[in-house]
Amino acid sequence: QVQLVESGGGLVQAGDSLRLSCAASERTYAMGWFRQAPGKERDFVARINWNGDSIDYADSVKGRFTISRDNAKNTVYLQMNSLKPEDTAVYYCAAHAYRGFYARQPRLYDYWGQGTQVTVSS
């Protein structure tokens, strides 16, 4: 059972930056970042395959957010720049249990962190 722990959330102003981290208890395969605002579904934000050579973003964050990973540290990052109030949500990282999976759909992920709150004020 892989344990995932997110950190780095907080309260910032519009236009600011934050970097989220997701530390895994062991090496992982493809991973993703998702977010969920109050009363809304959990949405895809970004994903990265096991070695980092395939990356994908939701249109809403493309050009502002950057996903990366450091497999030596079993950690995935989400650099968020030019933050907007509509980015406010709980951010979750997730990992696939099996090689070959690389999904946008939350239901296809096997392991989840507890989430970290990101609040962007206008």
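Sequential numbering from 1 along the given sequence is applied to the chain's residues. Side chains included, hydrogens not; waters and symmetry mates left out as well; all remaining heavy atoms used.
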Closest contact, heavy atoms only, [X] versus [Y]:
| X | Y | value |
| --- | --- | --- |
| L108 | A103 | CD1-CB, 3.6 Å |
| S17 | N81 | OG-OD1, 2.9 Å |
| Y57 | A46 | CD2-CB, 3.6 Å |
| R64 | L83 | NH1-CA, 3.9 Å |
| D56 | Y102 | N-OH, 3.6 Å |
| H96 | F101 | CD2-O, 3.2 Å |

Shared ILVMFWY cluster between [X] and [Y], side chains joined below 4.5 angstrom?
| X | Y | answer |
| --- | --- | --- |
| V118 | F44 | no |
| V90 | L78 | no |
| Y77 | I55 | no |

(message) Any heavy-atom pair between the side chains of W33 and M80 that's under 4.5 Å?
(response) no

(message) Less than 4.5 Å apart, side chain to side chain, heavy atoms only: is that true for Q36 and Y92?
(response) yes

(request) With rounding to the nearest 0.5 Å, note down the distance linking OG in S54 to CZ in R47. (result) 6.5 Å

(message) With rounding to the nearest 0.5 angstrom, report the CD1 to SG distance, I67 to C93.
(response) 9.5 Å

Would you check if the side chain of [X] reaches a backbone N or O of [Y] as a donor-acceptor pair within less than 3.5 Å?
| X | Y | answer |
| --- | --- | --- |
| T88 | V120 | yes |
| E6 | L20 | no |
| Q114 | V5 | no |
| D16 | L11 | no |

(message) For Q13, is the CD atom crowded, meaning more than 12 foreign heavy atoms sit under 6.0 Å from it?
(response) no

(request) Answer yes or no: are there more than 12 heavy-atom neighbours, outside Q105 itself, under 6.0 Å from its atom CD? (result) yes

(message) For K84, is there an ion pair with D87 - N to carboxylate O distance below 4.0 angstrom?
(response) no

(message) As a test of understanding, state which of T28, N74, T75 forms a side-chain hydrogen bond (donor to acceptor under 3.5 Å, both in side chains) with R69.
(response) T28

(request) For Y111 and M31, run side chain to side chain contact (heavy atoms under 4.5 Å, CB included): C-alpha distance rounded to whole Å, both residues' side-chain angles, the deciding distance at 0.1 Å, then the answer. (result) CA-CA 9 Å; Y111 306 115; M31 295 188 69; over 6 Å; no

(message) I'd like to know whether R35 forms a side chain to side chain contact (heavy atoms under 4.5 Å, CB included) with S60, so could you lay out the CA-CA distance, the side-chain angles of the two residues, the decisive distance to 0.1 Å, and finally the verdict.
(response) CA-CA 12 Å; R35 65 187 181 186; S60 59; 3.4 Å; yes

(request) Give the ring-plane orientation class for F34 versus Y109, where under 30° counts as parallel, over 60° as perpendicular and anything between as tilted. (result) perpendicular

